[in-house]
Amino acid sequence: MSKEDIYILGIESSCDDTAAAVLKNDEVLSNCISNQEIHKKYGGVVPELASRAHLSNIIPVVSQALSDAKINPEMLSAISFTKGPGLMGSLLVGTEFSKALGLSLNIPVIEVNHMQAHLLVHYIKSDKKKPKFPFLGITVSGGHTQFVIVHNHLEMEIIGETLDDAIGEAFDKCGKIIGLDYPAGPEIDNLAKEGDFNKFNFPIPKVEGFNISYSGTKTAFMNFINNSIQKDSKFIERNKVDICASIQKNLIDNLILKIEYAAKTKNINRIVIGGGVSANSYLKDSLELKSKQNNWEVFIPPLSYTTDNAAMIGIVGYLKYIRGLFSNYNSIASPRLAFK
Ligand code: KG4
Ligand code: ZN
């Protein structure tokens, strides 16, 4: 352990995953997560159940992260935590726990914006190239779909976002309509691999500028499924893989069209993606194709850093630590926290 090394404990609890990670500078030493299975049977996250589960998970997850990293709490330089955006009850568990632990160890705490973290996850130490600034950041998760000009590590400007549902939410809701468990995104992705992307067509909502919309597609999809079931009660079973491939193509094509428009209008060819939906294989293939056609440099996070994780909270903690950007112990959770 060099004297200059900085050890950050990152804590994430904005939605339904309790996660903790330890970083030594920009290097991840451990990255632990406890997923909450309880929400599956309700078809979506139940906020009250999520915060109760965070309460029972947080100590075991943090202990695991410290022991995997072979770190004593006394070695920590700071604790970074998700201040928002997210569910109030869930955020409260992480913020209050972090402040209490920070106070007891007498070390600084650092607030992190969850959406910024989804983009800055690309600065974790690895043998891959890091995105240079400025770049077009796209956050695609269960709660957000945003187009962001990222000027530097901490200066970001939202130029557009969804007017209604987030792309991950659209995956989850369409999945629910055909009887898939929450979260449906990964299963749609899997089933789509066997399906025909062009079998069924759904409209892509037309939205001006850099904003995007998904709720019309969801309604069109629901009507299509209901009408088809009336004609054939086994329609879903008979066509599941083609339905998944077709709706996945629609949701991702909508996003790609907007990315192309934003990149062209803003004259940026570095495209950086983050958030749960960046795990989607059709999105990755489409971006690869577009990168060749448009001469883009595309950055997609490794799978373990796509959905919610604490390593991304740790890297932002590190980037703020080296700039002396600490918070105080009065910091409070902020469900609608905006980009700075
Ligand atoms: O970033 P994340 O873990 O949590 C939020 O901040 O919301 O994103 C979760 C979202 C869910 O909607 C989930 O269905 C979606 O990411 N997702 C996917 C895939 N893996 C996760 N959507 C499409 N394809 C995937 N492979
Ligand atoms: Zn997220």
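Numbering of ligands and ligand atoms starts at 1, following listing order. Predicted model only: the values in this text are computed from it and were never measured.
In summary, the aromatic rings of Phe81 and Phe97 are positioned with their centroids too far apart to meet the 6.0 Å limit. Taking the six-membered ring for Trp, Tyr318 and Tyr123 have ring centres at least 6.0 Å apart. You'll find the ring centres of Tyr305 and Phe299 outside the 6.0 Å limit.
Atom 26 (N) of ligand 1 has its closest protein heavy atom at Asp189 OD2, 2.9 Å. Looking only at protein heavy atoms, the nearest one to atom 22 (N) of ligand 1 is Gly185 CA, 3.4 Å. At the shortest separation from atom 15 (C) of ligand 1 among protein heavy atoms lies Val277 CG2, 3.9 Å. At the top of the distance list for atom 2 (P) of ligand 1, counting protein heavy atoms only, stands Asp308 OD1, 3.3 Å. In terms of protein heavy-atom proximity, atom 23 (C) of ligand 1 is closest to Asn280 ND2, 3.5 Å. Summary of contacts: the protein heavy atom closest to atom 8 (O) of ligand 1 is Gly276 CA, 3.4 Å. Closest to atom 9 (C) of ligand 1, if we only count protein heavy atoms, is Gly142 N, 3.8 Å.
Heavy-atom contacts of Gly168 reach the following atoms of ligand 1: 12 (O) (cutoff under 4.0 Å). Listed by number with element, the atoms of ligand 1 under 4.0 angstrom from any heavy atom of Ser141 are 1 (O), 5 (C), 6 (O), 7 (O), 8 (O). Close approach of ligand 1 to Pro183 is summarised as follows: ligand atoms under 4.0 Å from at least one heavy atom of the residue are 13 (C), 14 (O). Heavy-atom proximity to Gly143, at under 4.0 Å, picks out these atoms of ligand 1: 7 (O). Taking every non-hydrogen atom of His118 and a distance limit under 4.0 Å, the qualifying atoms of ligand 1 come out as 1 (O), 6 (O). Close approach to Ala279 involves these atoms of ligand 1, each under 4.0 Å from a residue heavy atom: 20 (N), 26 (N).
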Requested in this report: Output, in order, the C-alpha distance, side-chain angles, deciding distance and verdict of salt bridge (charged side-chain N to carboxylate O under 4.0 Å, His left out) for Lys173 and Glu169.
Outcome: CA-CA 6 Å; Lys173 286 180 175 168; Glu169 194 179 352; 2.9 Å; yes
Query - Test log, rule side chain to side chain contact (heavy atoms under 4.5 Å, CB included), inputs Phe135 and Ile271 - result: CA-CA 6 Å; Phe135 63 74; Ile271 311 293; over 6 Å; no
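Contact detail for Ile315 and Val121: the closest heavy-atom pair is CG2-CA, 4.1 Å.
Dense packing is recorded around CG of Leu257, with more than 12 heavy atoms of other residues, nucleotides or ligands lying under 6.0 Å away. Within a 6.0 Å sphere centred on CD1 of Ile332, heavy atoms belonging to other residues, nucleotides or ligands number 12 at most. The 12-atom threshold is exceeded at CG of Asn328, counting heavy atoms of other residues, nucleotides or ligands nearer than 6.0 Å.
No part of His144 comes within 4.0 Å of ligand 1, judged by heavy-atom distances. At a heavy-atom distance under 4.0 Å, only side-chain atoms of His114, from C-beta outward, approach ligand 1.
A tilted orientation is assigned to the rings of Phe224 and Phe200, their planes being inclined by 30° to 60°. Ring-plane geometry between Phe221 and Phe202 is classed as perpendicular, the angle between the planes exceeding 60 degrees on a 0 to 90 degree scale with a lower cut at 30.
Using a 4.0 Å heavy-atom cutoff, Gln248 is absent from the residues neighbouring ligand 1. Not close to ligand 1: Met115, with no non-hydrogen atom less than 4.0 angstrom away. Proximity of Cys15 to ligand 1 is not established, as no heavy-atom distance is less than 4.0 Å.
Remark: of the listed residues Leu255, Ile256, Ile259, Ile256 is the sole one forming a side-chain contact (heavy atoms from CB on, under 4.5 Å) with Ser286.
Nearest to atom 14 (O) of ligand 1 by heavy-atom distance, out of Thr307, Asp172, Thr306, Ile188, is Asp172.
Residue Cys15 does not count as close to the Zn ion (ligand 2), with no N, O or S atom under 2.8 Å.
Taking the N/O/S atoms of Asp308 in turn, the shortest distance to the Zn ion (ligand 2) belongs to OD1. Summary: NE2 is the N/O/S atom of His114 found nearest to the Zn ion (ligand 2).
Residues Asn31 and Asn309 bring no donor and acceptor atom of their side chains to less than 3.5 Å of each other.
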